[in-house]
Amino acid sequence: MSLNSEQMLAVLNALPDPVFVLTESGRYAGVYGHADPNYYHSGHDLVGSYLSDVLSADVADWVMQHMQQAWDQKGLVKVEYPLSAAQVKGLEMQAGPDGMIWFEGHIQPFPQAVEGERAVIWVARNITRRKQLEQELLEASQTDPLTRVANRRPLFELLQSRFSDFKRYQHPTVLILFDLDHFKQINDRFGHLMGDQVLASLCDICHATLRENDLLARFGGEEFIVVLPNTAMEQGLSLAERMRDLVFRELGACFPQYERAITISLGVSEFIDSDTRFENLLQRADSALYQAKHAGRNRVCAHR
């Protein structure tokens with residue numbers, strides 16, 4: 001026994017994802033599905049409205065472009081896009097999820113004209129959780145799990161990008177390489193758990209001296225790197241000194257059980273015309289850090 005029209009409509013409205021029938025003039029000719037208010041806002045009252053009535057001009061144009069793509073291709077078009085209830089007029093008082101929602105749109109030409117117009121079926125599948133997981137995995141792949149600063153992957157990507165900019169446009173970049181003085185003594189005396197706490201606290205303190213576009217990364221063990229884009233050498237030295245002083249004054253106070261001051265030594269360098277790769281900058285900063293260590297520690301040295 002086939003379903004009658006009333007039963008078919010009930011089936012469509014029971015679908016987990018919203019289904020829109022959109023015409024060539026941008027009119028909502030039909031809206032079905034998305035019955036769960038915890039997952040979607042209801043859009044059934046959009047029927048008869050136009051995209052321009054409920055969406056901003058740029059979003060409405062974007063929707064029309066993908067409808068045209070489906071007609072041109074005579075087949076399915078898939079697209080991912082973010083949208084929030086705040087971007088859709090008329091949903092302000094409706095129950096539904098907060099914040100930005102990510103959708104995967106499946107756009108298929110409708111086989112028949114709808115009131116004399118070409119039309120598409122647009123199915124919007126909620127993929128917000130998948131996008132959140134993708135972002136979490138990306139952050140995990142680029143972040144040191146202990147200190148929550150960048151790891152070598154984004155560090156090297158940024159250094160390569162800055163090196164290319166320097167070679168092409170002479171945009172300056174300063175690199176600060178630093179590590180904790182006598183860190184092994186902390187681990188030996190109090191254990192690696194306290195050593196981990198010291199490293200995490202060190203990064204929190206150093207972040208207070210940095211600008212939004214500066215990058216703090218863990219290079220390995222107790223060694224860290226700060227990349228300062230669009231920064232001249234004298235500015236970099238000044239920031240390194242502020243960082244050294246702040247660590248000297250604040251880090252030891254966080255761990256009073258360790259009687260000695262907890263300090264860092266820093267090596268500073270910048271890109272120069274003779275560099276052939278970004279590793280040249282790392283080598284000079286490492287040489288400057290070596291000088292700081294052998295000059296007594298808790299100091300800043302530069303390799304120009």
Side-chain angles (χ1 to χ4, degrees), residues 9 11-115 117-143 153-154 157-158 161 212-213:
L9 180 60
V11 169
L12 288 173
N13 283 326
L15 291 173
D17 299 318
V19 179
F20 303 96
V21 180
L22 298 170
T23 69
E24 192 169 11
S25 62
R27 188 172 64 87
Y28 289 89
V31 181
Y32 308 94
H34 58 89
D36 185 354
N38 296 314
Y39 211 49
Y40 293 106
H41 292 82
S42 175
H44 291 99
D45 56 354
L46 297 178
V47 176
S49 300
Y50 288 83
L51 291 169
S52 58
D53 295 330
V54 298
L55 300 172
S56 62
D58 56 334
V59 176
D61 288 344
W62 181 88
V63 171
M64 293 297 297
Q65 289 170 13
H66 285 84
M67 291 168 57
Q68 186 62 53
Q69 184 180 351
W71 289 320
D72 292 343
Q73 295 180 188
K74 297 181 173 61
L76 179 66
V77 171
K78 293 183 180 181
V79 62
E80 295 181 0
Y81 57 97
L83 193 67
S84 72
Q87 295 175 297
V88 182
K89 302 172 188 175
L91 298 184
E92 296 86 351
M93 303 303 295
Q94 290 190 15
D98 295 328
M100 190 66 69
I101 305 173
W102 274 91
F103 294 99
E104 181 180 73
H106 290 217
I107 311 148
Q108 181 76 38
F110 198 71
Q112 301 175 0
V114 176
E115 298 182 3
E117 294 187 82
R118 290 189 300 176
V120 301
I121 297 175
W122 188 305
V123 181
R125 180 185 171 210
N126 191 320
I127 58 169
T128 304
R129 183 53 187 154
R130 193 192 84 193
K131 283 293 184 180
Q132 291 171 342
L133 289 172
E134 289 175 356
Q135 183 61 34
E136 290 169 6
L137 289 171
L138 176 62
E139 292 177 358
S141 72
Q142 297 182 338
T143 304
R153 178 178 176 181
E157 289 176 354
L158 177 60
S161 173
E212 183 177 353
N213 292 331

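None of these values were measured; they are calculated from a predicted model. What you see below is based on every heavy atom in this structure, not just the backbone, and it leaves out hydrogens, waters and symmetry mates.
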Pairs touching residues 67-78 that satisfy salt bridge (Lys or Arg N to Asp or Glu O under 4.0 Å), sequence neighbours left out:
none
Please lay out, stage by stage, how E134 and R130 fare under the test side-chain contact (heavy atoms from CB on, under 4.5 Å).
CA-CA 6 Å; E134 289 175 356; R130 193 192 84 193; 3.2 Å; yes
Would you mind writing out the side-chain donor-acceptor pairs for residues 99-109 within the sub-3.5 Å range, not counting sequence neighbours?
unit_1	atom_1	unit_2	atom_2	d
E104	OE1	H106	NE2	2.9

Measuring from atom CD1 of I127 to atom CD of Q132, what distance do you get when rounded to the nearest 0.5 angstrom?
11.0 Å
If I compare all heavy atoms of P154 with all of Q142, which pair ends up nearest, and what's the gap?
CG-O, 3.4 Å
Main-chain N/O of S25 paired with E117 side-chain donor or acceptor, under 3.5 Å
yes
Can you measure from CH2 (W71) to CD (E24) and round to the nearest 0.5 angstrom?
5.0 Å
What's the spacing between R153 CZ and T143 OG1 if we round to 0.5 Å?
10.5 Å
Test item: F20 and I121 side chains (from C-beta on) under 4.5 Å apart, heavy atoms:
no
Which pair of non-hydrogen atoms, one from D17 and one from N126, has the smallest distance, and what is that distance?
OD1-N, 4.1 Å
Could you check if a side-chain atom of W62 sits within less than 4.5 angstrom of a side-chain atom of V79, using non-hydrogen atoms only?
yes
First locate atom NZ of K131, then atom CD of E80, and finally report the distance between them rounded to the nearest 0.5 Å.
4.0 Å
In Å, rounded to the nearest 0.5 Å, how long is the span from CG of L138 to CG of L133?
12.5 Å
Student check: side-chain heavy atoms of Y81 and H66 closer than 4.5 Å
no
Is the number of heavy atoms from other residues, nucleotides or ligands under 6.0 Å of E136 CD greater than 12?
yes
Hey, does F110 have a side-chain heavy atom less than 4.5 Å from the side chain of L22?
no
Determine the minimum heavy-atom distance between V54 and S49, stating which atoms define it.
CG1-CB, 4.4 Å
Heavy-atom closest pair, residues V114 and A119
CG2-CB, 3.7 Å
To the nearest 0.5 Å, what is the distance between OH (Y50) and OG1 (T23)?
6.5 Å
